[in-house]
Amino acid sequence: MGFKKRTHNCGELNISAIGKIVTLNGWVSRIRDLGGLYFIDLRDRYGITQLKINPDKKDVYDTSLKLRNECVISATGKVIKRESINRNIPTGEIEIDVDELQILNEADVLPFNVEEDVKASEELRLKYRYLDLRRRAMTKNLLIRNDVYFIVHDYYRRHNFVEVETPILMKSTPEGARDYLVPSRIHHGKFYALPQSPQTYKQILMVAGLDRYVQICKCFRDEDLRADRQPEFTQIDVEMSFVTQEDIFELSEGLFKEIWKKILNVDIKIPFNRFTYDEVINKYGTDKPDLRIKNDLTIKNLTDIFKNSNFNIFKSAIESNGFIAGIKLKTKEYKIEITRKIIDNYTEFVKKSGVGGLVYIKSDETGKLNSPILKYLSEEELKLISDLYEVQNGDVIFIVIGEKNKVLLSLGLLRNKIAEDFNLIDENDYEFVWITDFPLFKFNEEEMKFEGEHHPFTSPKDEHLSLLDSQDRKSLESIRAVCYDLVLNGNEIGSGSMRIYKPEIQRKVFKIIGLSEDEAEKKFGFLTEAFKYGAPPHGGIAFGFDRIIAILCGLKSIKDVIAFPKTVSATSLMDDCPNYVDERQLKELGIKIEKKK
RNA sequence: GGAGCCGUAGUUCAGUUUGGUUAGAACGCCUGACUGUCACUCAGGAGGUCGCGAGUUCGAGUCUCGUCGGUUCCGCCA
């Protein structure tokens, strides 16, 4: 079973090696058989080197005829200059004149061709993941991921952070996402949960005096998947003592500056932009705005302008506490034409968000305004709108009427859609932005109770502490938290907060989200207990590692930066999991399976 | 839980609108030719449970219903 070991890899030989006898190991990437001359592209992680086989060398030639794509071989020979040079690859000036050829392993006919411009469906690529990962593009993603691991570890170490592993088997805390559960064999009927995040542990490490904690860790959430959401994902988890939000921002900005410089050689400007939650919701209709989108398209409130409107739809909307707002699209300098069909399409689009519909006001070439509702609008109203939007010839204003939240949501989505439809996004731009001052609580209309917007350990802003004692919904909803998200190009890539470290505040928050003292004690008693014995002021943040890598790689889906991802139904096609287990295993755990009706 | 799209040769797709002869193409595979290719070229060949199951029909890849899988989005994701 011996084989001739490589002396070099497939990406490193060049003209300076001419004359050397070398051995290469790798996969047959492509064969070009010219009859009297036989070429093999040999591939490994490092690159591709061309092997040349001359029919005069009968043994070698006969062996080569048995080769198929993706066979693993060992080839030995002299490095020679090519007669015709390939400028597309680093090794393109040389080739190996093969004297010895060993087939280390044959390959069956492949389920799909391993080629850079992959044509196989994602389903096949997932099933034969090892073949997909042989593609340069996929290998590259894993290598970038690897480089970022290193940068992160190095960066935090330089800043005095300690990496601590936290348990994978932990206590279930049903607030927030659904837990993945692990049954206990020793304690029938009891379960561990996989961490949604190591939140409680990292806070306790602060109580323990570790001062600065970091971990690149796996988190698990049993919720439905998306292109940017996997059931298990990786997080850069950070917690710090004796700090304020500003310290965390500064340290995080330094990290991203370093990653972007080292990976992309891009200088991002710090400090990042900041908006409060209320600002972005009103301006962009979302808490994760894509600031690459220029062309105005920011939301402006028109409710006041129309407060005395004679137009029935506006009038009745305002009377029933409704909201009117719109966004302006500049068409002229972007060479956009807004047709009737597009407007119909956008009308349908906004309706999905639960608003009545879309009206538009269009300024034509000469500056004359057109709109289906023009005759209902007064000169004064038109003037106010023109001034507010600084309307120029060719501009179109899209207006939505309805309930405030839905109007903002629909315009936010419309903004993204317009940007996508008309290519208003610069793909080489990186717009980082901090979103601060999130509400502490969110009212759940269905269950008629308050929930934590972030998690129940998030600290209210000092100036809102007194509001924790109020009873009315409005006051409670107005409480803002020292809680922040980091948004990049419309993706939430990080989220964190300053934590509550005083037991009496924690008690009040638990009470508001409907946790009785008894329940709070059962679920989080260990944490509040820990806080009794000297808890430092602390806070932290966690970054979505997979999303960051995807953006660095220019990808929309995080699947391509995860070696073995799950499908949208949370299965792994390669190893066919989840799957049934032996009756014996179930018995050991004291579990009986109820048949699905 | 809901909605959209997709499922035809080993692979990627066409064919489904308007049901009708032997289901086509490219890549891959097999055979042969070829001494400078690099997506080699050329000639020939093999290869199909049209995802699965019912139904409508004289006749279903094509229409209907169900189901399974993939994917995108909504709900969900402290």
Side-chain angles (χ1 to χ4, degrees), chain A residues 29-42 48-56 61 65 68-70 80-89 91-93 95 97 107-128 131 173-179 195-197 199-200 219-231 233 349 352-354 409 413 416-417 438 440-442 444 446 450-458 481 483 492 495-497 509-510 513 515 523-524 542 544 556-557 559 566-571 573 576:
Chain A
S29 182
R30 204 155 231 135
I31 296 165
R32 290 176 294 278
D33 180 0
L34 273 63
L37 203 52
Y38 194 96
F39 295 105
I40 298 166
D41 284 344
L42 191 67
I48 285 182
T49 300
Q50 177 166 283
L51 309 180
K52 181 193 128 183
I53 289 161
N54 200 309
D56 301 346
Y61 185 67
L65 292 178
R68 254 206 306 238
N69 285 347
E70 302 306 317
I80 57 172
K81 191 169 193 302
R82 284 201 198 183
E83 279 183 31
S84 46
I85 287 165
N86 182 351
R87 301 274 172 211
N88 298 321
I89 55 173
T91 62
E93 285 189 80
E95 64 194 357
D97 187 13
D108 276 356
V109 174
L110 297 154
F112 63 88
N113 298 336
V114 178
E115 53 194 346
E116 278 317 304
D117 183 20
V118 69
K119 292 178 189 77
S121 65
E122 191 165 38
E123 195 174 351
L124 263 186
R125 291 172 49 209
L126 288 172
K127 180 160 183 194
Y128 301 95
L131 295 180
T173 52
E175 281 73 27
R178 200 175 288 112
D179 280 325
Q196 297 172 27
S197 91
Q199 184 61 37
T200 49
C219 301
F220 307 84
R221 293 178 192 175
D222 188 2
E223 296 293 346
D224 289 344
L225 283 71
R226 291 285 187 283
D228 64 349
R229 265 163 41 189
Q230 284 272 306
F233 60 97
F349 181 82
K352 284 187 218 156
S353 307
L409 174 72
L413 294 171
N416 286 343
K417 183 167 172 59
F438 277 77
L440 184 61
F441 302 112
K442 183 174 56 187
N444 183 327
E446 271 172 36
F450 275 101
E451 294 172 346
E453 171 81 28
H454 188 56
H455 57 59
F457 318 116
T458 302
C483 180
E492 182 199 318
S495 184
S497 63
V509 168
F510 281 152
I513 62 172
L515 268 186
K523 285 175 179 161
F524 302 115
K556 293 245 186 305
S557 165
K559 277 197 203 125
K566 307 261 188 297
T567 67
V568 80
S569 60
T571 63
L573 296 177
D576 193 20

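Labels below follow one simple rule: chain letters A, B, ... track the order of the sequence lines, proteins then strands, and each chain is numbered from 1.
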| said: Would you say the base of B:U11 stacks on A:F112 (centre-to-centre below 5.5 Å, plane angle below 30°)? | reply: no
| Quick one: the side chain of A:R221 and the base of B:C77, do they pair up donor-acceptor inside 3.5 Å? | no
| query | If only side-chain N and O atoms of A:S569 are considered, is one of them under 4.0 Å from the OP1 or OP2 phosphate oxygen of B:G70? | reply | yes
| Phosphate oxygens OP1/OP2 of B:C38: is one of them under 4.0 Å from a side-chain N or O of A:R87? | no
| said: By the 4.0 Å heavy-atom rule, please label A:T571 as base, sugar-phosphate, or nothing. | reply: sugar-phosphate
| task | Could you work out the separation of B:U67 and B:G48 based on their P atoms and round it to a whole Å? | result | 31 Å
| task | Establish whether the base of B:U37 is bridged to the side chain of A:Q50 by a donor-acceptor pair shorter than 3.5 Å. | result | yes
| field | Any A:R32 side-chain nitrogen or oxygen under 4.0 Å from OP1 or OP2 of B:C40 | value | yes
| request: Using atom types as modelled and distance alone, determine if a side-chain donor or acceptor of A:D108 lies under 3.5 Å from a backbone N or O of A:L110. | output: no
| C1' spacing across the pair B:C34 / B:G44, given as an integer number of angstrom | 15 Å
| message | Using whole Å, what does the distance between atom C1' of nucleotide B:G7 and atom CG of A:L126 come to? | response | 16 Å
| request: Starting at atom CG of A:D228, determine the distance to atom C1' of B:C77, rounded to an integer number of angstrom. | output: 10 Å
| said: In this structure, how many angstroms lie between the P atom of B:A9 and the CG atom of A:N113, rounded? | reply: 15 Å
| When you compare B:G19 with B:G61, how far apart are their C1' atoms, in angstrom units rounded to a whole number? | 10 Å
| message | Please give the distance between the P atoms of B:C63 and B:G4 as a whole number of Å. | response | 16 Å
| task | Rounded off to whole Å, could you give me the CG-to-C1' distance for the A:L34 and B:A39 pair? | result | 14 Å
| Euclidean distance for C1', B:C29 against B:G10 (whole angstrom) | 8 Å
| Counting side-chain heavy atoms from CB outward, which of B:U37, B:U11, B:G28 is closest to A:L124? | B:U11
| said: Between B:C65 and B:U56, how many Å separate the two C1' atoms, rounded to a whole number? | reply: 11 Å
| task | Ignoring hydrogens and angles, tell me if any N or O in the side chain of A:D179 forms a donor-acceptor pair with the backbone of A:Q196 under 3.5 Å. | result | no
| task | From the options B:G36, B:C34, B:C76, select the nucleotide whose nearest atom is closest to the side chain of A:D33. | result | B:C34
| task | Using modelled atom types only, decide if a donor and an acceptor are shared between the side chain of A:R87 and the backbone of A:G92 within a distance under 3.5 Å. | result | no
| Should B:G7 form a Watson-Crick or G-U wobble pair with both distances under 3.5 Å, which nucleotide is its partner? | B:C68
| query | Can you tell which of B:C38, B:G70, B:C76 lies closest to the side chain of A:R82? | reply | B:C38
| query | Nearest to the side chain of A:E83 - B:C73, B:G36, B:U35? | reply | B:G36
| message | Heavy atoms from C-beta onward define the side chain here; which of B:U35, B:G36, B:C77 lies closest to that of A:K52? | response | B:G36
| message | Counting the atoms with a prime plus P, OP1 and OP2 as sugar-phosphate, which does A:I85 contact under 4.0 Å by heavy atoms, base, sugar-phosphate, or nothing? | response | base
| said: So, OP1 or OP2 of B:C74: does either fall under 4.0 Å of a side-chain N or O from A:S353? | reply: no
| Can you check the A:R30 CZ to B:C27 P distance for me, whole Å? | 11 Å
| query | Within less than 4.0 Å of OP1 or OP2 of B:C30, is there a side-chain N or O belonging to A:R68? | reply | yes
| request: Please answer whether the main-chain N or O of A:I48 pairs with a side-chain N or O of A:T91 as donor and acceptor at a distance below 3.5 Å. | output: yes
| query | Does a nitrogen or oxygen in the side chain of A:S121 sit under 4.0 Å from OP1 or OP2 of B:G70? | reply | no
| said: Whether the side chain of A:D224 and the base of B:G75 hold a donor-acceptor pair under 3.5 Å is what I'd like checked. | reply: yes
| query | Does any donor-acceptor pair link the side chain of A:R229 with the base of B:C76 at a separation under 3.5 Å? | reply | yes
| field | Heavy-atom donor-acceptor pair, A:E95 side-chain to B:G36 base, under 3.5 Å | value | yes
| message | Please tell me if A:R226 has a side-chain N or O lying less than 4.0 Å from either OP1 or OP2 of B:C74. | response | yes
| remark: Comparing nearest nucleotides in RNA chain B, the 5'-proximal residue of the pair A:Y61, A:T173 is A:Y61
| In terms of the nearest nucleotide of RNA chain B, which residue is placed more toward the 5' end: A:G36 or A:P111? | A:P111
| What nucleotide, of B:C27, B:U71, B:C38, holds the atom closest to the side chain of A:K559? | B:U71
| said: Holding to salt bridge (Lys or Arg N to Asp or Glu O under 4.0 Å), I want the full list of residues that pass it with A:K559, two or more places apart in sequence or in another chain. | reply: A:E122
| message | Please pick, from B:G70, B:G36, B:C40, the nucleotide with the shortest atom-to-atom distance to any side-chain atom of A:E123. | response | B:G70
| Lys/Arg N to Asp/Glu carboxylate O, A:R32 vs A:D41, below 4.0 Å | yes
| query | Nearest-Å distance, CD (A:E453) to P (B:C77)? | reply | 11 Å
| Rounded distance in Å - CD1 (A:I31) to P (B:U37) | 18 Å
| request: Kindly indicate whether the side chain of A:R30, heavy atoms from C-beta on, has any atom under 4.5 Å from the side chain of A:E115. | output: yes
| query | When rounded to the nearest 0.5 angstrom, what is the spacing between CG in A:N113 and CD in A:E70? | reply | 9.0 Å
| task | Could you check if a side-chain atom of A:F524 sits within less than 4.5 angstrom of a side-chain atom of A:L515, using non-hydrogen atoms only? | result | yes
| query | Should B:G32 form a Watson-Crick or G-U wobble pair with both distances under 3.5 Å, which nucleotide is its partner? | reply | B:C42
| field | Nucleotide paired to B:C50 in any strand shown, Watson-Crick or G-U, under 3.5 Å | value | none
| field | Value in whole Å for how far the P atom of B:A9 lies from CG of A:L110 | value | 18 Å
| With both distances under 3.5 Å as the test, what is the Watson-Crick or G-U wobble partner of B:U17? | none
| said: Any donor-acceptor pair, under 3.5 Å, between the side chain of A:S84 and the base of B:C38, if you only look at N and O atoms? | reply: yes
| For atom P, what is the distance between B:C6 and B:U18, given to the nearest Å? | 16 Å
| query | Is B:C76 paired to anything, Watson-Crick or G-U wobble with both distances less than 3.5 Å, and if yes, which nucleotide? | reply | none
| query | Which value, in whole Å, describes the distance between the C1' atoms of nucleotides B:A54 and B:G2? | reply | 25 Å
